[in-house]
Amino acid sequence: RLDQYAIAKFGESFEMVPRTLSENAGLGAMEIISSLYAEHAAGNVKVGIDLEKGACEDASIMKIWDLYVTKSFALKYSADAVCTVLRVDQIIMAKPAGGPRPPQQGGMDED
């Protein structure tokens, strides 16, 4: 379905952050992302990319403490922006094409 496709693509868009970080650091993006998926699937949710070592490491061991609240608000507002764009798109698609309708012919009394 179209809804499932949109949600899947939304989830895939989160891959851009580790992909961009690893590419900019000269690392293999596919290997890093595969490693992240494997670590997260194993239950290691605190694992991130250590750009100096070129591998995935536990962020809490590296003493990296990101603010969860900041990330949750960024995610919330980006999802809200996407929903707003989709609503506007639905409104545009729902309106009939062709511009304003011409006035009705006649309009005068028959007398």
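The analysis underlying the following values was restricted to heavy atoms, covering all of them including side chains, and did not include hydrogens, waters or symmetry mates. For reference, positions follow the sequence shown, starting with 1. Model, not experiment: these values are computed from the prediction.
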Taking side chain to side chain donor-acceptor pair (under 3.5 Å) as the definition, give me every residue that meets it alongside [X], ordered by chain and number, with sequence neighbours left out.
| X | result |
| --- | --- |
| Glu12 | Lys9 |
| Asn24 | none |
| Lys63 | none |

List, by chain and then residue number, the residues other than [X] in its hydrophobic cluster (Ile/Leu/Val/Met/Phe/Trp/Tyr, side-chain heavy atoms under 4.5 Å); write none if there are no others.
| X | answer |
| --- | --- |
| Tyr37 | Ile33 |
| Val45 | none |
| Met62 | Ile64 |
| Val47 | Val17, Leu21, Leu27, Ile32, Leu36, Ile49, Leu51 |

- Message: As an exercise, state the distance from NE2 of His40 to OG of Ser35, rounded to the nearest 0.5 Å.
- Response: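 If I round to the nearest 0.5 Å, the distance is 9.0 Å.
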- Item | Spacing of SG belonging to Cys56 relative to CD belonging to Glu31, to within rounding of 0.5 Å |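 The SG atom of Cys56 sits 10.5 Å away from the CD atom of Glu31.
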- Task: Using the salt bridge (Lys or Arg N to Asp or Glu O under 4.0 Å) rule, collect all pairs that involve residues 72-81, keeping only residues at least two apart or in two chains.
- Result: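 Only Lys76-Asp80 qualify under salt bridge (Lys or Arg N to Asp or Glu O under 4.0 Å).
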With sequence neighbours excluded, tell me which residues meet side-chain contact (heavy atoms from CB on, under 4.5 Å) with [X].
| X | value |
| --- | --- |
| Ser60 | Lys46, Asp58, Trp65 |
| Lys53 | Asp50, Glu57 |
| Met16 | Arg19, Thr20 |

- Mind checking ring pair (Phe, Tyr, Trp, His ring centres under 6.0 Å) for Phe10 and listing every partner two or more places apart, or none if nothing turns up?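 Testing Phe10 for ring pair (Phe, Tyr, Trp, His ring centres under 6.0 Å), a comparison that skips the adjacent residues, returns Phe14.
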